[in-house]
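Data first, discussion second: the structure below is written as structure tokens.
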Amino acid sequence: MKVQISSVRTIRELGKISLLAGSLSLGLSGMAQAETFRIGITQNNVGVDSYQTTYEQAFEEAADEADNVEVVVLDAGGDVARQISQVRNLIQQQVDVIIIWPTDGQAVVPAINGAKNAGIPVVVTNSNIAEAGQPLIAAFSGPNNIQQGAYAAEMMCDQLGGQGDIVQITGQPGYTTAIERQKGFEDRLPEVCPDVRILDSQPGDWNRAKAQRTMEDFLTRYDKIDGVYAADDNMGVGALNAAKSEDRADEIVFIGATNFAVGYEAMARGEYHGSVYQSPAEDARNALNIAIAVAQGKEVEKMSYFETPKITQENMDEFEKPVF
Amino acid sequence: MKALLDSFKPGFKGGEISALQFFGKHGISVAFVLCVVIFSLSTQKFLSTDNFLTVVMQASIIGTIALGVTFVVIGGNLDLSVGSLLSFATVLVVDLHDKVGPGMAILLMFVFTLLIGSVNGYLIGYLRLNSLIVTLGMLSAIQGITLVYSGGKNVDISDQTNTWFAFFGREELFGIPVPAIIFIVLGIVLQIVLLKSGFGRKIFAIGGNATASLFSGLRRNRLVFSTYLLSAFTTACAALILGSRVMGSQNNVGEGYELLVLAGVILGGTSLLGGSGSIARTVIGVLILAMIQNGLLLLGFPYYTQWLVTWVVIIVAVWLDIAAKRGKLFSTY
């Protein structure tokens with residue numbers, strides 16, 4: 001269905017362009033025609049979570065607003081094989097730039113190599129690919145997850161006043177974002193707060209129900225928990241739920257990442273203490289802008305991170321409530 | 001010790017029943033006691049009323065679904081669609097909560113979940129399609145419905161602190177968490193239905209020998225249909241608990257639950273070939289799974305080890321079950 005939508009969209013765009021081209025050739029015959037860039041994107045798995053859904057909408061909106069850009073929007077449905085054939089398809093369509101949201105950072109590398117051999121630059125979005133593929137890409141656009149983990153460590157340190165015992169709930173095991181956030185947090189914490197100890201660390205799979213269950217077991221195991229770091233707010237709110245039903249939420253500092261609507265609301269109620277604000281819309285716009293710059297042959301930063309600031313109860317008024 | 005080993009041999013005459021037959025009958029209870037003893041000795045936190053109630057509460061979602069699925073399996077079929085049906089029902093009830101209020105949301109959720117369950121039941125009961133294929137297909141189809149319905153977004157109850165919907169997942173009655181009460185009460189009722197009612201006896205009959213039961217005038221199609229309706233009903237109850245516990249839902253929240261549910265049912269000794277099984281033992285099977293995960297986490301085991309141990313236990317249980325039926329531990333041919 002996704003492909004259908006995007007092809008409808010392509011036809012519409014093509015119609016628009018031919019009209020434009022027609023009027024140009026009628027009115028300004030002889031003058032150089034404005035150059036149109038064709039940018040193809042293959043996303044990871046739109047529809048599984050709000051972040052990816054919002055990203056896609058924002059990407060299409062940004063493409064509508066941009067001049068002289070035509071986009072082919074595809075979705076791999078979480079399937080590496082499908083993503084690889086989508087890349088091949090985009091190469092055949094001879095788009096100017098390919099944007100990839102990798103389903104698997106390792107397995108897509110040969111496909112990226114294929115694009116490079118065909119002379120089409122590749123921009124990786126949101127989550128990075130394996131080391132081996134780094135020389136092959138034009139740029140990476142996305143959040144700096146290591147930095148996000150470090151931010152979370154700093155907020156935890158501030159809120160705890162420098163000492164305490166905490167537990168960590170990580171994301172999906174093996175997923176780059178999860179690994180990087182954990183690394184950023186665990187590297188930064190001892191630098192800013194040598195007296196904060198991580199008692200335990202278990203994965204919550206980006207799943208609130210799972211995180212809630214894990215937190216229940218943590219609460220049984222440890223009589224004193226001063227803080228919880230969850231790799232996203234969805235899991236953070238699960239941990240908060242567990243602590244509330246044990247009447248232990250008041251004594252615990254909750255720090256998350258990727259501010260979700262529920263996390264934002266819990267922060268407004270004073271139950272949740274900090275998170276990292278990451279806008280999918282900004283993620284999408286950043287990817288499109290980088291791709292356009294690449295298509296125009298401009299120099300771009302190899303690692304192009306967008307801003308993901310700290311959000312706490314104190315400064316939350318400066319941020320819009322997330323839509324996911 | 002020698003007597004015990006001898007008792008595994010086929011021609012064992014030592015006592016009334018061999019060790020294998022004993023395992024076949026009481027293996028699950030022995031495993032349950034073993035788990036309790038091992039975890040109690042290795043971590044002080046394990047053996048406490050609070051932790052036991054936590055385990056029952058954690059088992060309640062998988063467990064409630066497993067109650068209905070036990071009927072399906074005894075009837076000689078499988079239901080692999082319960083995981084995505086749980087996602088669907090949870091997304092539906094949480095989303096409708098804000099739109100039409102909790103009472104109406106619960107009612108509508110039950111109606112639509114039973115409707116999907118009856119599609120399963122119709123295809124398998126009346127059209128006689130293979131249950132493995134049908135429910136595997138439904139697994140993806142229901143996932144699709146859920147994604148279309150939610151537009152790919154997570155759903156949350158907007159006012160998380162002030163709704164009576166919280167009762168099903170977060171409250172306690174007489175110091176016992178409500179999810180645990182729902183699970184246990186439903187378990188007792190369904191055990192009585194299975195053992196004491198005509199309906200229960202007929203389910204055993206169609207699972208044990210479909211042809212014979214047809215000749216004896218049982219309406220197999222209608223009976224199979226009702227088992228799927230029952231598994232949709234228990235899945236809806238589980239969605240009520242899950243939605244209320246989490247106060248929100250992701251589109252894939254029940255992903256993989258179908259295997260854990262099936263594991264619980266099989267651990268309880270219900271035969272995958274149909275015709276035998278028990279609700280009480282399914283409950284114990286599910287509790288063992290929850291206990292292993294809780295116990296290993298209390299011991300500080302890493303994540304992967306927890307899964308490894310869980311599945312080793314399941315495989316050993318299936319092995320002992322088969323061994324008890326054929327009368328020896330190893331197949332010689």
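Throughout, protein chains are lettered first and strands after them, A, B, ... in sequence-line order, and every chain is numbered starting at 1. These figures come from a predicted structure and were not determined experimentally.
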When you look at OH of A/Tyr222, are more than 12 heavy atoms from neighbouring residues, nucleotides or ligands closer to it than 6.0 Å?
-> yes
Do other residues, nucleotides or ligands put more than 12 heavy atoms under 6.0 Å from the CZ atom of B/Phe301?
-> no
Starting from the C-alpha separation in whole Å, work towards a yes-or-no answer on side chain to side chain donor-acceptor pair (under 3.5 Å) for A/Glu265 and B/Gln160.
-> CA-CA 9 Å; A/Glu265 282 159 6; B/Gln160 305 233 330; 5.4 Å; no
If only atom types and distance count, is the side chain of B/Gln250 paired as donor or acceptor with the main-chain N or O of A/Asn234 below 3.5 Å?
-> no
So, does A/Gln212 use its side chain to make a donor-acceptor pair with the main chain of B/Arg245 at under 3.5 Å?
-> yes
Tell me, side chain or backbone of [X] under 4.5 Å from chain A's heavy atoms, or both, or neither?
X: B/Gln58; answer: both
X: B/Phe46; answer: neither
X: B/Ala166; answer: neither
X: B/Leu299; answer: backbone
X: B/Leu242; answer: side chain
X: B/Gln306; answer: side chain

Could you tell me whether the side chain of A/Arg221 reaches within less than 4.5 Å of the side chain of B/Thr43, counting heavy atoms only?
-> no
Option that, when pairs with chain A are counted at under 4.5 Å, heavy atom only, ranks first among B/Leu147, B/Asn251, B/Asn154, B/Thr161 | B/Asn154
Applying a strict 4.5 Å limit to non-hydrogen atoms, the region of A/Ser50 in contact with chain B is both
Interface moiety of A/Tyr51 toward chain B, non-hydrogen atoms closer than 4.5 Å = neither
Applying side-chain contact (heavy atoms from CB on, under 4.5 Å), run through B/Asp50 and A/Thr220 and close with a yes or a no.
-> CA-CA 8 Å; B/Asp50 257 4; A/Thr220 310; over 6 Å; no
B/Lys45 and A/Asp217 ion-paired at < 4.0 Å = no
Distance-minimising heavy-atom pair for B/Val253 and A/Ala209 = CG2-CB, 4.3 Å
Distance (rounded to the nearest 0.5 Å) between A/Glu216 CD and B/Leu297 CG | 11.0 Å
Starting from the C-alpha separation in whole Å, work towards a yes-or-no answer on side-chain contact (heavy atoms from CB on, under 4.5 Å) for A/Arg208 and B/Asp156.
-> CA-CA 11 Å; A/Arg208 198 188 304 170; B/Asp156 287 300; 2.6 Å; yes
